[in-house]
Amino acid sequence: MFLPGETHRVELTRERGIVTDVPEGTEENLSAPEDETMIINMGPQHPSTHGVLRLMLELDGEEILRVKPVIGYLHTGMEKTAEELLYIQGSTNVTRMDYMNPLGNELCFSLAVERLLGIEVPERAQAIRVLMAELCRINSHLVWFATSGMDLGATTVMIHGLRERELILRFFEKTSGLRMNCDYVRPGGVAADLPDGWVEDVAEIIEVIPRRLHESRDLLDDNPIFQKRMRGVGILTRDEAIALGATGPILRATGLAWDIRKAFPYSGYDRYEFDIPTQEGCDAWSRYQVRVAEVNESARIIRQVIETMPPGDYRVQDRKVTPPPRHRIDVSMEALIHHFKLFTEGFKVPAGETYVAIESPKGELGCYLVSDGVPPAYRQHTRGLCFYHVHAMPSMMVGGLVADAVVVIASADPVLGEVDR
Amino acid sequence: MALDDLHANFLTTQLEKVVNWARYRSTWPATFGLACCAIEMMATGAAHYDLSRFGMEVFRASPRQADLMIVAGRVSQKMAPVLRQVYDQMPEPKWVISMGACASTGGIFNNYAIVQGVDQIVPVDVYAPGCPPGPETLMNAILTLHDQIKSSEILKREPAAS
């Protein structure tokens with residue numbers, strides 16, 4: 001699976017496939033290896049790598065002998081940028097990591113800041129966060145459904161998945177002003193209250209999407225081609241998954257009901273009833289089943305959120321953390337000062353460090369935050385869960401066929417924006 | 001075929017107009033999705049926004065078959081040579097849309113990792129603003145590009161500077 005010890009330089013050069021890395025005058029033998037294996041390069045510009053992932057596959061005929069993922073093609077330096085931004089701007093930065101789950105990224109960051117601040121957001125803010133996070137989960141799984149279908153040649157489900165997703169994006173736009181990268185969940189609560197008519201909008205979403213997803217599943221579930229390509233492909237056993245740090249649907253497809261929402265409830269998830277769907281197959285098919293079942297569970301949570309949405313504030317009324325209402329600025333000098341100070345200096349977070357994990361649609365998303373007491377964070381590190389899934393890909397691919405590599409990438413559902421950050 | 005039929009079955013036009021018409025009505029984009037904008041680009045191509053109305057729903061996986069490169073997302077320093085290579089592989093005539101704030105200017109990521117504007121690497125014809133630009137913005141950029149292609153002179157287009 002992995003090469004033990006050091007890789008010889010000639011070997012490395014052969015793998016990289018680019019001779020430009022070798023300094024001039026090097027006399028080493030770069031000719032073809034003596035064995036019959038072939039090293040091919042997949043990506044970074046490849047339609048089925050879900051972004052700019054590059055894989056180096058060593059093949060014997062059609063069989064994959066070795067895989068090396070190469071990442072960094074989308075390295076954005078977000079963790080460095082976070083050290084220059086105020087905490088109030090931090091959501092803007094992290095929301096662009098996993099772009100299928102923008103509100104989850106913001107939620108994770110906001111929870112970390114709030115834990116350092118030692119504040120508890122109002123119940124309504126928590127419920128709004130749960131609502132938005134679960135909508136993001138449905139959104140993410142729909143895009144997964146769409147793109148995986150496309151990878152396997154089922155273009156109809158791609159059209160269906162993206163069509164359903166528009167409903168959610170329209171609600172996000174209505175609520176936050178942006179379809180993606182909403183910057184809606186912020187430290188101290190959320191940016192604005194839910195818009196008028198949100199109950200009807202959300203009720204329509206959770207009525208329409210599970211129904212239509214069920215229709216789309218009819219196209220796939222009994223399809224012999226789809227079954228043959230998914231069943232028994234990309235096996236990752238429970239022990240391997242735990243050893244490699246894989247979480248989310250990949251881990252739950254091995255039969256382990258591990259979900260941060262149940263294990264370490266945050267944002268009031270313990271108030272809602274839901275199940276953790278699991279499968280025993282450890283393969284791509286099981287991951288598919290887990291994801292689809294999770295959409296239904298998310299709809300179930302959202303239904304409870306609608307029924308129990310508490311009244312009250314949508315953010316903490318602490319003028320050192322959240323801005324005053326707009327109308328107060330015109331009449332209150334103090335409010336004006338608070339507003340000015342908040343958006344120029346930002347608020348101070350007590351020195352300390354914390355790690356907060358949430359259950360993103362793809363697994364355990366973590367935010368490690370270190371504060372030295374003055375506004376820009378001293379260090380902000382994200383546990384990019386897709387990084388671990390990319391890391392687990394070789395274990396899933398080795399021994400399979402090269403066509404299965406596409407299935408494995410699809411079933412791991414990596415988002416390279418989060419892997420590379 | 002006799003010349004007798006000709007009184008009914010022909011049109012007169014200018015070569016340039018026909019060529020430009022053919023070009024702008026079938027501008028095939030290369031799949032060059034990088035980050036968040038790529039998802040909006042996919043949404044533009046999918047059912048609701050339906051890019052095939054403009055004859056461009058076929059996102060080509062091979063740059064050899066593409067006329068248009070939509071740089072959708074932030075371009076890192078590591079990706080820049082790849083992007084240029086893909087651009088060089090595309091046959092002339094070719095166009096580039098820089099989609100989103102990151103591709104156009106670096107966006108909010110003014111740091112060591114991101115190329116501050118893809119126009120440092122490839123010549124850009126249209127910039128689409130937004131983070132990410134909605135499908136409407138991308139379609140507006142595409143229609144702007146169509147106008148440019150329509151009014152271009154086919155004999156005078158210079159090859160892109162390297």
Under 3.5 Å, sequence neighbours excluded: what are the donor-acceptor pairs made by side chains of residues 97-105 of chain B?
unit_1 : atom_1 : unit_2 : atom_2 : d
B/S98  : OG     : B/A103 : O      : 3.4
B/S98  : OG     : B/S104 : N      : 3.2
B/S98  : OG     : B/S104 : OG     : 2.9
B/S104 : OG     : B/G100 : O      : 2.8
B/T105 : OG1    : B/A101 : O      : 3.1
B/T105 : OG1    : B/G107 : N      : 3.2

Would you give the length of the straight line joining atom CD1 of B/I108 to atom CE of A/M78, rounded to the nearest 0.5 angstrom? 6.5 Å
For A/Y99 and B/I39, the nearest pair of non-hydrogen atoms, with its separation, is CD1-CG1, 3.7 Å
What part of A/D98 gets closer than 4.5 Å to chain B, counting heavy atoms only: side chain, backbone, both or neither? neither
Honestly, the part of A/L167 sitting under 4.5 Å from a heavy atom of chain B is neither
When every non-hydrogen atom of A/G77 is compared with those of B/A113, the smallest separation belongs to N-CB, 3.8 Å
Residue pairs passing the salt bridge (Lys or Arg N to Asp or Glu O under 4.0 Å) test with at least one member in residues 96-123 of chain B, sequence neighbours excluded, are none
Tell me the salt bridge (Lys or Arg N to Asp or Glu O under 4.0 Å) pairs involving residues 59-72 of chain B, sequence neighbours left out? none
Could you look at A/T155 and say if it's the side chain, the backbone, both or neither that has a heavy atom under 4.5 Å from chain B? neither
Among the listed options B/A80, B/S62, B/C131, the residue most often paired with chain A at heavy-atom distances under 4.5 Å: B/C131
If contact means a heavy atom pair closer than 4.5 Å, which residues of residues 42-52 of chain B contact chain A? B/M42, B/A43, B/A46, B/A47, B/H48, B/Y49
Any chance you could lay out the ring-ring contact (aromatic ring centres under 6.0 Å, His included) test for B/Y112 and A/H75, step after step, and finish with the verdict? CA-CA 10 Å; B/Y112 64 93; A/H75 178 58; 5.6 Å; yes
